[in-house]
2 protein chains.
Amino acid sequence: MPESAIRPRKEFGKTIAADITHRLREEIIACALPPGEPLRFDVLRERFGASFTTLREALTALAAEGLVDAQEQRGFRVAPVSRQDLVEVTDARVLIEVELIRRSIGRGDDDWEIAVISTLHRLKRIEQRDPEHPLRDPEWKIAHRQFHQALVSACGSATLLAIRAELFDRAERYRHLSANFRPRPRDKAGEHQAIMQAAISRNADLAVQLIETHIRSTSDNVAKYAGHLLDAE
Amino acid sequence: MPESAIRPRKEFGKTIAADITHRLREEIIACALPPGEPLRFDVLRERFGASFTTLREALTALAAEGLVDAQEQRGFRVAPVSRQDLVEVTDARVLIEVELIRRSIGRGDDDWEIAVISTLHRLKRIEQRDPEHPLRDPEWKIAHRQFHQALVSACGSATLLAIRAELFDRAERYRHLSANFRPRPRDKAGEHQAIMQAAISRNADLAVQLIETHIRSTSDNVAKYAGHLLDAE
DNA sequence: CTAGACCATATTTTCGAAAATCATACCGTT
DNA sequence: AACGGTATGATTTTCGAAAATATGGTCTAG
């Protein structure tokens, strides 16, 4: 199978553009490309090995997701961060996530329960391995994302799930921003466990309350430990 | 000033790509490009007078908005319509619009009241002119959009406003879909008037109830008069 | 010394050709 | 006739050159 060696690697999508979109998204969320950083084509071209127009397509898609800021005729830059934006993302997440948890608990079937339980199980396994810096572990990030995704997956609305996914990405970027300054992760494992139990036992009110607290306390932590980065803009 | 004649017209944005994105969006919403229609580059190239890559950028942006469906390696098409999608868009709109109305009523200042009153006034003026087929009048469409925009404009969250705008566009496409089959528009003028009064008098509960009814009855009308188009897919 | 005009350079944006991929019709075999 | 493989044409996707635009510095007039 020589083809995989010949053509440019496409780890994610079928097209190079989709692949670059995916890689760029990851780097922005992880703050490998810091907020506000100008995204010049020369640099991106060398870094991702794609042409102007292909990069442009990827940047345009990310601009629609709110991770990139397109300044017409003056190029692109990583979307800046701010206290205001953090508050907006947090509020929007609470509004939508709460609704989706409610719907999922109301509609979830056996497969949903299994998905919730098994994704949490994997998350806990990974946490045992290195409980110090979970956000630095790519596997933990994926597992964490999949657990929260599983919780709402039975809500029945692809439209709201897509919106939720965008907000989750934007929030995760803020978590990365503060990760380097946070002295120690708080007890997320316990929170996740409690959310799972409330969901499985179909206690919607409790699950909703736990999720809201979970989201808001994460956001508060970001504001606390990365506040100096938010005002600098 | 010869420049406007020389270079390609850019009615909307500074770049051709942004301009084409805008024009394509309008045509898709108005169903001038019908749902499910394949968007072939040859055709678009002739129609919009732009190159492959510029069109590609516009289509990618619209795909992120949910108005275009990108099928990797097999091109783009106008996003298909379905009963399920209509229900999802309607539900999501109610969830978000209700919240934003509440926040706007809680935070709106004098300028907000003026914006609500004046946009409604213009809308009514235009309706008097041709009360039969409002959706066919581009000015009515703009005025209608601006009135609903004004209602929520004081909510304080650019993030939620952007999400709301996307959902509004997707819903407007469904309204256009049914416009040709609907015998007569119902009394929207009265509904708008009542919503305005509830908002200005800061009666949030009433405004929320009226908005929800407004959105849902519009959606019901679409399902009633364009139902045959929704099942065909 | 400041403000504005002008040029040179850096950067973005657009284009159409070329490569890659997909869809279809054709052909031979079973 | 049904099936599988292959050639052919249609379509999308990608590329780097060329055009358009912004940026920054220099000069001049006030």
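Protein chains get the first letters and strands the later ones, always in sequence-line order, with residue 1 at the start of each.
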(request) Among the candidates dT13(D), dT14(D), dG16(D), find the nucleotide nearest to the side-chain atoms of Ala17(A). (result) dT14(D)

(request) Round to a whole Å and report the spacing from CZ of Arg40(A) to C1' of dT23(D). (result) 10 Å

(message) Taking salt bridge (Lys or Arg N to Asp or Glu O under 4.0 Å) as the definition, give me every residue that meets it alongside Glu26(A), ordered by chain and number, with sequence neighbours left out.
(response) none

(request) Residues of residues 51-62 of chain A with any non-hydrogen atom less than 4.0 angstrom from an atom of DNA chain D: list those, numerically ordered, please. (result) Ser51(A), Phe52(A), Thr53(A), Thr54(A)

(message) Run the side-chain contact (heavy atoms from CB on, under 4.5 Å) test against Ser104(A) and tell me which residues pass, sequence neighbours left out.
(response) Trp112(A), Val152(A), Ala154(A), Cys155(A)

(message) Regarding Leu44(A), tell me which of base, sugar-phosphate or nothing describes its non-hydrogen contacts under 4.0 Å with the strands shown.
(response) nothing

(request) Would you please name every residue forming a side-chain contact (heavy atoms from CB on, under 4.5 Å) with Arg145(B), sequence neighbours left out? (result) Ile29(B), Phe168(B), Asp169(B), Glu172(B)

(message) Checking contacts here: which listed nucleotide (dT13(D), dA23(C), dG16(D)) is nearest the side-chain heavy atoms of Arg45(A)?
(response) dG16(D)

(message) Need one value for Leu39(A): base, sugar-phosphate or nothing, where a base atom within 4.0 Å counts as base even if backbone is also close, heavy atoms only.
(response) sugar-phosphate

(message) Output the rounded distance in Å from CZ (Arg74(A)) to P (dT13(C)).
(response) 10 Å

(request) Round to a whole Å and report the spacing from CD of Gln71(A) to C1' of dT11(C). (result) 13 Å

(request) Report the relative orientation of the aromatic rings in His144(B) and Trp140(B); use parallel for angles under 30°, tilted for 30 to 60°, perpendicular for over 60°. (result) parallel

(request) Kindly confirm or rule out a cation-pi arrangement of Arg45(B) over Phe52(B), judged by NZ or CZ under 6.0 Å from the six-membered ring centre and within 45° of its axis? (result) yes

(request) Can you sort out the partners of Ala223(A) under side-chain contact (heavy atoms from CB on, under 4.5 Å), two or more places apart, ordered by chain and number? (result) Arg83(A), Leu86(A)

(message) Tell me the interatomic distance from Asp19(B), atom CG, to dT21(D), atom P, rounded to whole angstroms.
(response) 13 Å

(message) Just the rounded figure in Å: distance from C1' of dA19(D) to CD1 of Ile16(B).
(response) 10 Å

(request) Nearest whole angstrom, please: distance from the P of dA19(D) to the NZ of Lys14(B). (result) 23 Å

(message) From C-beta outward on Phe41(A), which listed nucleotide comes closest to its side chain: dC15(D), dT14(C), dT13(C)?
(response) dT13(C)

(request) Under the salt bridge (Lys or Arg N to Asp or Glu O under 4.0 Å) rule, collect the residues that match up with Glu65(B), sequence neighbours excluded. (result) Arg25(B)

(message) From C-beta outward on Ala50(B), which listed nucleotide comes closest to its side chain: dC15(D), dT23(D), dC15(C)?
(response) dC15(C)

(request) In whole angstrom, give the distance that lies between atom CD of Glu72(A) and atom P of dT21(D). (result) 13 Å

(message) I need the CG-C1' distance between Asp42(B) and dG16(C), as an integer number of Å.
(response) 13 Å

